[in-house]
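Step one of this worksheet: look at the structure below.
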Amino acid sequence: MTLDDIVQAVRTAHDSHTPLRIRGAGSKDFYGGMLSGQVLDVAAYRGIVAYEPTELYITARCGTPLAEIEAALAEKGQMLACEPPRFSGATVGGCVAAGLSGPRRQQAGAVRDFVLGVKLVDGTGQVLNFGGQVMKNVAGYDVSRLLAGSLGTLGVLAEVTLKVLPKPVAERTLVFALEAADAVTRLNQWGGQPLPISASFWHDGKLWLRLSGARAAVEAAVGKLGGSVVAEADSLWQSVREQTHPAFAGSILWRLALPSTAGDPGLDGLRAIEWGGAVRWYAGEQAAVRGAASRLGGHAVLYRAPESLRCREDAFAPLSPALLALHRRLKKAFDPRGILNPGRLYAEF
């Protein structure tokens, strides 16, 4: 597959008003609204275009598996610091389009923070370039980062340039026996201190804390925090990143993004707490989940659900009229005929 193939497919769909469903590996088909449209499979448009370890960036085509990118980075002692989940063969295009980050997000930032530039095929088949290869190239409205989490509704991400970072010199994981409320309190106390915390995960009365950075800083933090050192922690953090941990089991899963200091939202089914208390995972149908999250200053995402529930419940929290109008204008500008992933982000477009 070539870029011209993608362009021609989009132009044909635009001219015929044919909805397109953009698909790489399909690893995140569960995420967002209902899937519809003729499949535009971009998995074959793959390969690393440029990698400059000294300049800390990598450019790859949309169908390039994340595993392939991370293998290349590992050879140079570098990483994608936001730890995006790979799931079943996830691609770099899908990684940016979904905007999902892993456990290191609380220290390093989200996927959008690492997007330096993109090559985009918009809904008319026009090839657009945004951003660059270093931060100083980004001027004006940062469209590159706007595309992170847009779920392919604004265009086909043909190429992506991402910032990479060195792997930490040292890492240790501690575990503490704490109930949920105590874990949130402790995480906020630690968050206000100069500690090298790179990830946190609470489940079923236990709180795991990962420390990353200079060896001296990590060892000093271990001595200060106490808890028990986990000998082999890589498998734990891998299961959290890939969501194979038992905490993420179940056919219905809600993700609540809240202020880290938020108290108990009063819901049943708490499964996990991540990102220093800012993300809480709940299982099962939750009739009052959106109202509870809103009262605490956050929002709820129907992260995973059977088709019967996805048909009647939007995945993402409703937008205010002003934000909805802004989204509609953006959609109209990038995809005037609304052919790209219709309904995947919001039913309105």
Side-chain angles (χ1 to χ4, degrees), residues 28 30-32 82-85 87 98-112 149 173-192 197-210 227 236-306 309-310 313-319:
K28 289 172 278 291
F30 69 89
Y31 185 61
C82 53
E83 292 186 326
F87 296 143
L100 299 179
S101 305
R104 203 181 296 270
R105 187 248 188 265
Q106 78 174 81
Q107 179 194 55
V111 169
R112 67 180 301 276
T173 294
L174 304 174
V175 63
F176 304 82
L178 292 169
E179 292 306 311
D182 294 330
V184 170
T185 299
R186 195 76 65 87
L187 286 168
N188 278 281
Q189 290 172 348
W190 292 333
I197 298 172
S198 64
S200 58
F201 180 72
W202 177 92
H203 170 68
D204 197 22
K206 289 185 178 180
L207 172 65
W208 288 269
L209 199 71
R210 185 174 65 189
L236 166 71
W237 296 112
Q238 185 72 4
S239 71
V240 174
R241 176 181 179 176
E242 303 303 326
Q243 297 182 347
T244 57
H245 190 280
F248 302 101
S251 60
I252 302 176
L253 194 62
W254 290 87
R255 183 185 67 199
L256 274 64
L258 302 171
S260 63
T261 55
D264 185 353
L267 303 169
D268 295 326
L270 177 65
R271 302 303 302 273
I273 300 172
E274 286 193 89
W275 300 356
V279 164
R280 324 273 175 97
W281 296 90
Y282 286 82
E285 291 204 43
Q286 303 281 351
V289 63
R290 293 229 154 99
S294 179
R295 284 193 298 274
L296 291 173
H299 64 271
V301 172
L302 180 56
Y303 185 79
R304 184 172 64 235
L309 183 55
R310 291 171 71 185
E313 178 83 49
D314 276 337
F316 304 103
L319 297 172

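- A cation-pi arrangement is absent between R271 and W281, since the terminal nitrogen or guanidinium carbon is not both under 6.0 Å from the aromatic centre and inside a 45° cone about the axis.
- Smallest separation of non-hydrogen atoms from W275 and G102: NE1-O, 3.2 Å.
- Annotation: the span from C82 atom SG to R241 atom CZ amounts to 8.0 Å, rounded to 0.5 Å.
- Between the side chain of E242 and the backbone N or O of F87 there is at least one donor-acceptor pair closer than 3.5 Å.
- Between L302 and D314, the closest side-chain pair of non-hydrogen atoms is not below 4.5 Å.
- With hydrogens and angles disregarded, no donor-acceptor distance shorter than 3.5 Å links the side chain of N188 to the backbone of G277.
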One pair to check against side-chain contact (heavy atoms from CB on, under 4.5 Å): L207 and V175. What are the steps and the verdict?
CA-CA 6 Å; L207 172 65; V175 63; over 6 Å; no
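- Taking CD of E285 as the start and CG of D268 as the end, the distance is 13.0 Å to the nearest 0.5 Å.
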Mind listing the side-chain donor-acceptor pairs of residues 248-259 below 3.5 Å, one per line with the distance, residues two or more places apart or on another chain?
residue : atom : partner : partner atom : Å
W254    : NE1  : G284    : O            : 3.2
R255    : NH2  : Y31     : OH           : 3.2

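- Taking 4.0 Å as the cut-off between side-chain N and carboxylate O, E83 and R210 count as a salt-bridged pair.
- Remark: S101 OG to Q106 CD distance equals 12.0 Å, nearest 0.5 Å.
- Taking the side chain as every heavy atom from C-beta outward, V279 and I273 never approach each other to under 4.5 Å.
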Given the rule in the side-chain contact (heavy atoms from CB on, under 4.5 Å) test, do T185 and W190 qualify, once you have shown the distances and angles that lead to the verdict?
CA-CA 9 Å; T185 299; W190 292 333; over 6 Å; no
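- Residues P85 and Q243 form no side-chain contact, since every pair of their non-hydrogen atoms from C-beta on lies 4.5 Å or further apart.
- The shortest heavy-atom contact between P84 and V111 is CB-CG2, 4.4 Å.
- The two residues A180 and L270 make their nearest non-hydrogen contact at CB-CD2, 3.7 Å.
- Between W208 atom CH2 and S200 atom OG the span is 12.0 Å, to the nearest 0.5 Å.
- In this structure, CD on Q107 lies 9.0 Å from CD1 on I197, to the nearest 0.5 angstrom.
- When ring centroids are compared, F316 and H299 stay outside the 6.0 Å threshold.
- A donor atom on one side chain and an acceptor atom on the other are found under 3.5 Å apart for T173 and W237.
- With respect to the salt-bridge test (charged N to carboxylate O, under 4.0 angstrom), the residues E179 and R186 do not qualify.
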Run the side-chain contact (heavy atoms from CB on, under 4.5 Å) check on L209 and L187 step by step: do they pass?
CA-CA 9 Å; L209 199 71; L187 286 168; 3.9 Å; yes
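- Looking at every heavy atom in both residues, A293 comes nearest to A300 through CB-N, 3.9 Å.
- Shortest non-hydrogen contact noted between R290 and A315 is NH2-O, 2.7 Å.
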Using side-chain contact (heavy atoms from CB on, under 4.5 Å), reason through L236 and H245 one step at a time and then give a plain yes or no.
CA-CA 8 Å; L236 166 71; H245 190 280; 4.0 Å; yes
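- Considering every non-hydrogen atom in both A292 and P265, the closest pair reads CB-O, 3.6 Å.
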